[in-house]
Amino acid sequence: MTVLERTVEALLFLSPQPVSTAELAQACDASEAEVDRALDALEGHLLEGSRGIVLRQVAGGYTLAADPVAEDAARRLLSTPRTPPLTQAQAETLAIVSYLQPVSRPEIARIRGVASESAVATLTERGLIEESGRSRFGAMVYRTTQLFEKLFGLSGLDQLPDPSRFDPTPEDERELRERLLKAGEQRAS
Amino acid sequence: MTVLERTVEALLFLSPQPVSTAELAQACDASEAEVDRALDALEGHLLEGSRGIVLRQVAGGYTLAADPVAEDAARRLLSTPRTPPLTQAQAETLAIVSYLQPVSRPEIARIRGVASESAVATLTERGLIEESGRSRFGAMVYRTTQLFEKLFGLSGLDQLPDPSRFDPTPEDERELRERLLKAGEQRAS
Amino acid sequence: MRAAELDLDLDVFAGPFDLLMAVVLREEIPLSEVSLGDIVVAYLEHLEATGELDLDSATEFLVLIASLLELKSRLLLPTEDEEQIELGPEEAADELLARMLEYRRYREAAAHLSGLFADGRRYLYRAAPLPPELRRASLEAASHVYDPTRLGEALGDLLRVPPEPDTSHIRPTVSLERRLEVLRELLTRRGRFDFDEVFADEDRLTQAVTLFALLEMHKRGEATWTQKDLFGPIEVEVQ
């Protein structure tokens, strides 16, 4: 490994937060292109499945993580419990915040059709979303955090798939509309 | 690398403290002999000068550390000079050490009239004071550092302000140390 | 102050009361999320702080909060016979469809996120403090940030001796019981003794109480004393 590659690896090892290429370049007194090449080489060295440490691109930067192969042993050694999975309410609320941020709680409740206080509170407590001021009408608005991107393996919010991908096909949509109309007629009659 | 070697590497990577062979063996569900062999192999992979991370054997077991090659870059990226304003406890402790050095921790506590572990620890961690041996009673004694002189803009300890300027009872002609101890004991009683 | 200007800081809203009214009426904030109880508490706190009850503003507040209450109760308990704005079946279906599609979009996105999370949480990250050398200012980069006068002042504080505590208000207490015990013990041991010889070094209060104890013992027939000369020695003995 070159000195630059070794330095980049050491910096990622030390830094508690993901580090961007620009930050690495500045610290190493190198160009971003050089750092990019060093990161490529490092990725080769730390290819998943080859070592105990892997290189991850998350939250706008690079960071090292333990290979999942060691997960169970690590939880035994450090006695860290497995983070519980997201509940349906939490996942829906998180999806709305991640796509519409900054977004207010009333807006979340409107889309989900139910009050979402407790999901918002839990997500805030877990550090996945945070308050980011108030709307012009005075309602508290929320956004996702860096921790969210890190834990979900996203290098940035632009990594979220286009939400229209989840929309039904025009045919399905037409059919849904027909069914709604029919249901309405039955109720009226 | 074998799964055990990878797991050991991941565990050392994750743990903030050194980990003993016994702890590694228990977490990995392997024998200590197997873990020893894995550590040998890992040492070969992380030979100093080859990577950005090195394997160190220290009191209490094994730990991973950043290769010294990255020290300057790490300082540029991560070191946020910790020079927040001094609290009253820190200022008093630092005054005692700077005027009386070398001075032991029990003496500091007697002069201040309260235990001063936390102030001593913070000043040590910030590099303003350092241990400089033991008193004849076996207590650790402290002195100020070069960093202290630089942060206070002093070219030497003789540049400390004349204590008589701040002396509330200038008519008392006993030695400074003796008077501080006496005042401290009166405060504590 | 007019009730409408009452400053609110609720979970879903912060600002004056009249703006909240406007926002609710424009359905920017669903009334179901607004805690009317909190508004009443805020108003009472305001009254308590100002200490005056202005009838006009109190009436205005009551009218406003009552209308909000009515609105909210109607929202929470919709009645069958209430007149609804009639939507045509097509419009109703379209509106319902739009809302369903919107919700469906985020439900699917939620499933996607859950998948990412299940994958992402298998990776554990290091959470170790920086090595000590990175946690302090480096000598080369260090600059003059602290004023040495602070050290001198701290030293001056440490040289200051607190004034001797004033103990004049604390009176020593001498108990009669205790003095009786002392006298009985002396008489049992020695049969007789010279009062001055034994008690001359005691303070005046103790001497006085001891004398009082002696009178008490004389009354009970336990002890007696003789004094041959005026101001002469007092001999105490068992009676």
Side-chain angles (χ1 to χ4, degrees), chain B residues 10 13-17 63-66 71 74-75 77-83 85-86 88 90-96 98-99 111-113 124-128 145-154 159-163 165-169 172 176 179-180 182-184 186-187 189, chain C residues 112-175 178 201-203 205-206:
Chain B
F13 165 76
L14 289 173
S15 173
Q17 268 103 40
T63 188
L64 295 184
E71 193 174 333
R75 206 178 282 292
L77 179 69
L78 300 167
S79 126
T80 38
R82 300 269 303 135
T83 53
L86 298 173
Q88 181 64 14
Q90 289 159 4
E92 286 181 8
T93 305
L94 196 54
I96 294 166
S98 57
Y99 281 97
I111 293 171
R112 291 196 54 228
T124 308
E125 175 166 322
R126 296 204 192 138
L128 289 165
T145 60
Q146 271 199 292
L147 182 62
F148 161 79
E149 290 174 29
K150 202 143 177 212
L151 290 175
F152 277 85
L154 304 166
Q159 301 281 300
L160 281 169
D162 183 354
R165 269 174 55 203
F166 306 97
D167 193 345
T169 48
D172 196 336
L176 188 60
R179 291 180 49 209
L180 282 168
K182 188 155 188 295
Q186 267 168 280
R187 256 194 310 277
S189 67
Chain C
H112 178 73
L113 283 183
S114 293
L116 288 183
F117 187 61
D119 184 54
R121 71 186 173 137
R122 297 181 306 129
Y123 293 90
L124 298 176
Y125 296 92
R126 188 177 141 84
L130 290 176
E133 64 271 17
L134 288 177
R135 273 180 284 164
R136 62 174 67 150
S138 77
L139 192 57
E140 309 83 69
S143 58
H144 182 179
V145 290
Y146 293 128
D147 181 3
T149 315
R150 182 82 199 279
L151 298 177
E153 284 166 355
L155 201 73
D157 290 343
L158 291 167
L159 281 170
R160 203 160 280 124
V161 174
E164 285 285 333
D166 180 7
T167 56
S168 61
H169 58 287
I170 303 171
R171 292 193 174 279
T173 54
V174 183
S175 101
R178 178 83 195 104
D201 288 335
E202 301 285 358
D203 60 77
L205 180 65
T206 308

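Throughout, protein chains are lettered first and strands after them, A, B, ... in sequence-line order, and every chain is numbered starting at 1.
In terms of non-hydrogen atom pairs under 4.5 Å with chain C, the most contact-rich of I111(B), L86(B), L94(B), L154(B) is L86(B). Between chain C and the residues Q88(B), E149(B), R112(B), the most heavy-atom pairs under 4.5 angstrom are made by Q88(B). Of the residues considered (Q17(B), E92(B), K182(B)), E92(B) shows the highest number of contacts with chain C, using heavy-atom pairs under 4.5 Å.
Proximity to chain B (any heavy atom under 4.5 Å) is restricted, for L130(C), to the side chain, taken from C-beta onward. In this structure, the portion of D147(C) lying under 4.5 Å from any heavy atom of chain B is its backbone and not its side chain. Heavy atoms of Y99(B) lying under 4.5 Å from chain C belong exclusively to its side chain. With a threshold of 4.5 angstrom between heavy atoms, L160(B) approaches chain C through side-chain atoms but not through N, CA, C or O. At a 4.5 Å heavy-atom cutoff, the contact between R179(B) and chain C is made by backbone and side-chain atoms alike. Only the backbone of T124(B) comes within contact range of chain C, judged by heavy atoms closer than 4.5 Å.
Remark: D162(B) CG is packed, more than 12 non-hydrogen atoms of other residues, nucleotides or ligands lying under 6.0 Å away.
Nearest heavy-atom pair, P16(B) versus P129(C), reported as atom, atom and distance to 0.1 Å: CB-CD, 4.3 Å. Nearest heavy atoms, L151(C) versus S98(B): CD1-OG, 3.9 Å. For the pair S15(B) and R126(C), the tightest heavy-atom approach, listed with the atom from each and the gap, is O-NH1, 4.1 Å. The nearest pair of heavy atoms linking P161(B) to P148(C) is CG-O, 3.4 Å. Scanning all heavy atoms of the two residues, the minimum distance from R160(C) to A183(B) falls at O-CB, 4.4 Å.
Contact check for R165(B) versus T149(C): side-chain heavy atoms found under the 4.5 Å cut-off.
Identified by a heavy-atom distance below 4.5 Å to chain B, contributing residues of residues 112-122 of chain C are lacking entirely.
By the side-chain hydrogen bond (donor to acceptor under 3.5 Å, both in side chains) test, E71(B) pairs with R75(B), sequence neighbours left out.
Considering CD1 of I96(B) and CG of L158(C), their distance stands at 5.0 Å, rounded to 0.5 Å.
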